[in-house]
Amino acid sequence: MRQKNMLIPTLRNVGAEAEMVSHRLMLRAGMIRQLAAGVYTYLPLAYRTLRKVEQIVREEMDRIGAQELLLPAINPAELWQESGRWDDYGPELIHFQDRHERDFLLGPTHEEVITDLVRNEVNSYKKLPMTLYQIQTKYRDERRPRSGLLRGREFLMKDAYSFHVDWESLDKTYRDMYQAYIRIFTRLGLDFRAVEADSGAMGGEENHEFMVLSDSGEDTLALCSSCQYAANVETAKVGRDETKAPDMAEVPKPEKLSTPGASTIDEVIQMLDKQPEQLIKSLLFTVDGDPVLVLVRGDHEVNEIKVKQALGAETCHLADDQTVNRVTGAPTGFAGPLGLKEAVRVVADHAVYEMAEAVTGANEADAHLLHVAPGRDFQVDLYADIRTVQEGDACPHCGEPIRFAKGIEVGHVFKLGTRYSDSMNATFLDQEGKEGRLIMGCYGIGISRLVAATVEQSHDDNGIIWPVGAAPYHVHLIAVNLKDETQSRLADQLYERLRADGVEVLYDNRQDRAGVKFKDSDLLGIPLRITVGKTAAEGKVEYKFRRSGKSGTLTTEELIKKLPDLLNRADQQQ
RNA sequence: CGGGGUGUGGCUCAGCUUGGUAGAGCGCCUCGUUCGGGACGAGGAGGCCGCAGGUUCAAAUCCUGUCACCCCGACCA
């Protein structure tokens, strides 16, 4: 393409509202423009990159036998009422009514539509397993869209759904997908990890998130410093040594102390001159409607997801103040396991078991108890791993220390099981003519987010550095001075030749000074730059890799011969 | 949803406290010089100051409302 008439409105600077590197660089490179909060126009360069990424995803999906289709973005409310998600998804659904006042929504994901399709069209085990996917715009009314393409309200996503007669079949497709994802992110040259994750509102069983490592990521990952263990901190397990029963023979009886106004761990340790790990933090949760007292060590944090899992519950959240008052007889901040007004279930973290004595709330305003011995002074109904992992904790697999890293979630694979086939009655007939419930998996990749994540991970002070796989063009051809007849003719010839050879080349034929072209070229981040300049008279041009900065001079014939080789080297760091 | 902030040529911003002719840099157009890392000179186009009310002789500026956008938090996947 000749750059002169292309819509590539580069900017020297952008406003302070764009904070994320990818957001700033994509604005500056003339790739995206914001239309509304979380809604962006993809200009020609961004659209090319988007299609490049799409194509990689498509190839890897096709390779594992997935079939591409396109589902409607507009969904009737009935389908979502049937699955129960019309209410569950809540205000995040963008919905509207048509002229007949029928409810519709713009799909944030497509389990309902695909399940409806498959239950109608696939009735026999002979067709199974089957994997279908689409690449489509999704709509989510995020409470707070932010960070440019990383968290939009309209975004491009690849979503795949698999259907099976049994779990073994799902396991196989899940593994295939997992490998396909690894190939996709590897082809994009990304530094990423597959981590164990929580399935959230999607429901279902085993699942992994694919995280691009980046300090600007919203998710925190717990990575083992020694083995392969990797998990989202939301769900990461806490490893522990062999549990040792504490010796509490010498522990005196509980003693009440006045602690006026000390309702937080910090205030209590200040007042009593204790360390946080000598306290038991007691929090009242409402779990499936019932109050449950949850105990963790003072320096630990309760993990609601784990509490929910440990109790096999559907819902779990901190109890409101009234409930706390009723159950403990005290304002929030003074709860403890001794002397509750109501008998409630008590769940404690493993670390609590190992405490010989502890400070707890006294279930009385402005008072705490000293010398409380778990097991002696109160009973625990269930000990479980219910705290959030901390940096330095033992890895649950090998015991080595866990370290944290930040990541951007670009993919997620789920084993859904029968979550949707149950609620939507999706069945098939097996070999014996008996009806079976379809077992499902679903697998997403945020395509537009992936583009932004690539920029987050691949840039320098001068601009974007595209991996060849995602680059909008492979070669940026620059004529230094178009008024120089020799340069201009050589550049034109080279452009036509490259084009004829099928090379994806962007030709900067603008009547600008060299400095402007070089600056823009760095900003756009095309992997290989070819400059036609001073040496044009000798029939020579210069090449330069955007990533490594390495350069050289070649005749045009040599260049054309070596171009495939040069492009192979373009992603190299050195 | 709570807290904070910002809306002024295409872009980045000043002007607002203390009301009185709407500004700068970049970009854009024309001419000339320049031409390998965001050139220089001269001339020019372009803005009902987010919107609606109000106060005032007079509002970008003060008041009220409203909308949009950004940031932090909560929430959610």
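Per chain, numbering begins at 1; letters A, B, ... match sequence-line order.
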Report task. Heavy atoms under 4.0 Å is the rule here; annotate nucleotides 37-47 of chain B 5' to 3' with B where the base is hit, S where only the sugar-phosphate is, and - elsewhere. Result -> BBB--------

Requested in this report: Apply side chain to side chain donor-acceptor pair (under 3.5 Å) to the pair His23(A) and Tyr40(A), showing each step before the final yes or no.
Outcome: CA-CA 11 Å; His23(A) 191 193; Tyr40(A) 290 85; 3.1 Å; yes

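Comparing C70(B), G73(B), U12(B) by their nearest atom to the side chain of Asn13(A) picks out U12(B). Of the candidates C69(B), C11(B), C71(B), C71(B) carries the atom nearest the Glu19(A) side chain, counting heavy atoms from C-beta on.
For the C1' atoms, the distance from C75(B) to G19(B) is 44 Å, rounded to whole Å. Nucleotides G38(B) and G44(B) have their C1' atoms positioned 23 Å apart, rounded to a whole Å. Going from the C1' atom of G15(B) to that of G25(B) covers 15 Å, rounded to whole Å.
In the interface, the side chain of Glu218(A) is not paired with the base of A77(B) through any donor and acceptor atom under 3.5 Å apart. Side-chain N/O atoms of Asn207(A) and base N/O atoms of A77(B) include no donor-acceptor pair closer than 3.5 Å.
Taking only side-chain nitrogens and oxygens, Gln34(A) never comes nearer than 4.0 Å to OP1 or OP2 of A68(B). Residue Arg144(A) places at least one side-chain N or O under 4.0 Å from the OP1 or OP2 atom of C72(B).
Within a heavy-atom distance below 4.0 Å of RNA chain B, the residues of residues 477-490 of chain A found are Val480(A), Asn481(A), Lys483(A). RNA chain B is contacted by no residue of residues 150-160 of chain A, taking any non-hydrogen atom closer than 4.0 Å.
The aromatic ring centres of Phe210(A) and His412(A) sit 6.0 Å or more apart. Ring pair Tyr47(A)/Tyr42(A): centre-to-centre distance not below 6.0 Å.
Backbone-only contact: Ala36(A) has heavy atoms under 4.0 Å from sugar-phosphate atoms and none from a base.
Arg24(A) places a side-chain N or O within donor-acceptor distance of the main-chain N or O of Gly15(A), the cut-off being under 3.5 Å. Remark: the backbone N or O of Leu149(A) is not paired with any side-chain donor or acceptor of Arg449(A) at under 3.5 angstrom.
Nucleotide A39(B) has U33(B) as its partner under the Watson-Crick or G-U criteria, with both atom distances under 3.5 Å. Base pairing annotation: A68(B) forms a Watson-Crick or G-U wobble pair with U6(B), both donor-acceptor distances under 3.5 Å.
Applying salt bridge (charged side-chain N to carboxylate O under 4.0 Å, His left out) to Arg529(A) and the options Asp522(A), Asp508(A), Asp520(A) leaves one that passes, Asp522(A).
Salt-bridge annotation for Glu557(A) and Lys562(A): absent, with no side-chain N of the basic residue lying under 4.0 Å from a carboxylate O of the acidic one.
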